[in-house]
Amino acid sequence: MAFPTETVYGLGADAFNADAVRRVYAAKGRPADNPSIVHIARASDLGLLTPRVAPDVVRLADAFWPGPLTMIVEKRAEVPDVTTGGLPSVGVRLPDSEIARALIRAAGTPVAAPSANPSGRPSPTTAEHVLADFGVGGPGKPGPYGGKGKPGQSGVDAILAGPDCRIGIESTVVDMTVTPPQVLRPGFVTAYEIACVLGDAENAKPDDDGAPKSPGMKYRHYAPEAEMVVIEGPRAKVESEIARLKSLNEGIGRRVGVLLFEESDYVTAAHEFYARLRALDASGADLILAGALAAADGAAGGLGFAVMNRMMRAAGHNIVQV
Ligand code: TXA
Ligand code: MG
């Protein structure tokens with residue numbers, strides 16, 4: 001079943017039921033080595049998934065849960081391999097969304113849920129996005145991406161249609177099995193904020209040398225159907241380069257879409273990023289020209305960094321510097 005969270009919609013299954021989790025992977029066309037995030041409704045349920053809850057895990061849970069932070073911890077043997085992509089660890093998140101927590105409580109079990117999009121595609125931030133991608137009603141009703149050319153690919157059983165997702169990009173993933181904890185995927189909760197809570201702010205830096213740190217980060221991801229190019233530099237130059245490339249490409253008959261946010265309004269950029277990519281695809285664009293956000297450090301800049309991480313990967317690191 002698909003359900004809303006404050007970040008993006010998830011496609012959920014009982015985390016302890018290997019068959020149910022396998023069906024989620026099949027519907028998404030997700031590689032088996034890419035682990036799912038397991039969602040809980042109260043922090044004390046961490047103990048169902050991990051044998052040891054370290055003091056730093058408690059500190060981050062107190063500071064950021066419920067909320068958009070996923071912590072990687074050692075897994076219990078009871079958590080099936082399919083849920084964790086064969087890893088000895090499990091990613092756990094307590095979402096802020098009331099509806100998500102009500103669903104998890106009603107399920108009576110931790111809920112494994114990757115984002116509710118076909119693997120590699122933009123994440124869904126509205127119920128309509130999930131419906132468009134998968135269709136509802138089980139096998140035989142694939143949406144435009146759901147089929148991906150594979151016969152028999154299933155639609156989802158049901159969509160719990162709630163509000164649009166408040167944040168709009170996926171949770172921060174932090175690996176608590178290493179010292180110091182390492183951010184594997186940037187998000188709304190920043191590396192800087194995490195370091196502050198753990199008393200290590202002087203060593204905090206956004207960590208992105210391009211190497212894939214978590215299994216999900218090695219795949220081309222978040223990608224629209226259209227070719228996408230990111231234009232990076234001072235805003236005035238970015239805007240004139242976008243105008244130049246737009247008319248150049250339209251001159252040869254290509255349909256060009258533009259993705260440009262206020263360069264420091266990271267909150268809006270995060271909230272709208274996936275919906276805008278989807279709308280540009282739906283408009284039939286062949287090429288998307290995206291303006292990079294302004295770089296900024298510290299807690300506030302971290303969200304811009306998280307959006308840029310998605311933008312660069314959606315564009316397959318296709319960048320023009322101006
Ligand atoms: O905001 C979110 O996190 C959303 C909502 C539904 O909660 N979920 C989400 O799930 O984005 P998904 O599957 O699209 O992304 C999970 C990420 C992947 O990059 C995966 O590799 C990483 O978390 N991950 C999960 N468990 C892990 C583990 N044990 N070790 C390393 N990385 C892990
Ligand atoms: Mg995802």
Side-chain angles (χ1 to χ4, degrees), residues 1-13 23-30 36-37 39 68 93 95-104 106-107 111-150 153-171 187-188 221-226 228 255 257-261 267-286 288 290 306-307 310-311 313-314:
M1 170 187 275
F3 64 99
T5 79
E6 73 278 18
T7 57
V8 300
Y9 271 70
L11 188 56
R23 286 183 56 209
V24 167
Y25 277 61
K28 280 181 62 82
R30 182 176 174 102
S36 279
I37 290 173
H39 298 72
R93 176 161 112 78
D96 182 43
S97 158
E98 291 284 355
I99 296 184
R101 291 207 304 273
L103 174 76
I104 300 160
V111 173
S115 52
N117 53 289
S119 193
R121 292 293 175 193
S123 295
T125 56
T126 71
E128 288 74 21
H129 292 162
V130 185
L131 191 59
D133 282 354
F134 290 104
V136 183
K141 291 201 171 179
Y145 297 143
K148 279 198 149 181
K150 289 182 205 153
Q153 188 137 32
S154 51
V156 297
D157 294 333
I159 300 171
L160 185 54
D164 296 355
C165 301
R166 175 170 59 84
I167 293 174
I169 59 170
E170 304 84 349
S171 62
F188 188 84
H221 218 281
Y222 319 124
E225 299 272 294
M228 181 165 160
R255 274 191 276 186
V258 173
L259 183 65
L260 199 60
F261 300 102
V267 172
T268 304
H271 183 68
E272 292 182 4
F273 179 68
Y274 288 124
R276 294 275 292 274
L277 284 188
R278 285 166 174 270
L280 287 164
D281 266 349
S283 76
D286 304 305
I288 298 173
V307 176
R310 272 70 172 180
M311 195 186 283
R313 298 184 63 222

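Heavy-atom basis, side chains included; hydrogens, waters and symmetry copies ignored.
Going from atom CD1 of Ile104 over to atom CD1 of Ile99 covers 12.0 Å, rounded to the nearest 0.5 Å. Rounding to the nearest 0.5 Å gives a distance of 9.5 Å between OG1 of Thr125 and OH of Tyr274. With rounding to the nearest 0.5 angstrom, the OG atom of Ser171 is 12.5 Å from the CZ atom of Phe188. If you take CE on Met228 and CG on Leu277, they are separated by 5.0 Å, rounding to the nearest 0.5 Å.
For Arg310, the side-chain hydrogen bond (donor to acceptor under 3.5 Å, both in side chains) partners two or more places apart in sequence, or in a different chain, are Glu170.
Between Arg101 and His39 there is no side-chain heavy-atom pair separated by less than 4.5 Å. Between Val24 and Ser36, the closest side-chain pair of non-hydrogen atoms is not below 4.5 Å. Between Phe3 and Val111 there is a side-chain heavy-atom pair separated by less than 4.5 Å.
Residues Lys28 and Pro114 approach most closely at CD-CG, 3.6 Å, considering heavy atoms. Residues Val8 and Gly168 come closest through the heavy atom pair CG1-O, 3.8 Å. Nearest heavy-atom pair across Gly12 and Ala113 is CA-CB, 3.8 Å. Residues Ala100 and Pro95 come closest through the heavy atom pair CB-CG, 3.9 Å. Of all non-hydrogen atoms in Pro4 and Ser97, the two that sit nearest each other are O-OG, 3.6 Å. Between Ala314 and Pro224 the shortest heavy-atom distance is O-CD, 3.7 Å.
With Asp133 contributing its side chain and Asn117 its backbone, the two residues share no donor-acceptor pair below 3.5 Å. In terms of modelled atom types and a separation under 3.5 Å, the side chain of Arg276 and the main chain of Leu259 share no donor-acceptor contact. The main-chain N or O of Thr126 is never found under 3.5 Å from a side-chain atom of Asp164 such that the two would form a donor-acceptor pair. The backbone N or O of Ile169 sits nowhere less than 3.5 Å from a side-chain atom of His271 that would complete a donor-acceptor pair. A donor-acceptor pair is defined here as one N or O able to donate and one able to accept, closer than 3.5 Å; such a pair exists between the side chain of Tyr9 and the backbone of Gly162.
With hydrogens and angles left out, the side-chain atoms of Thr7 and Arg93 include a donor and acceptor closer than 3.5 Å.
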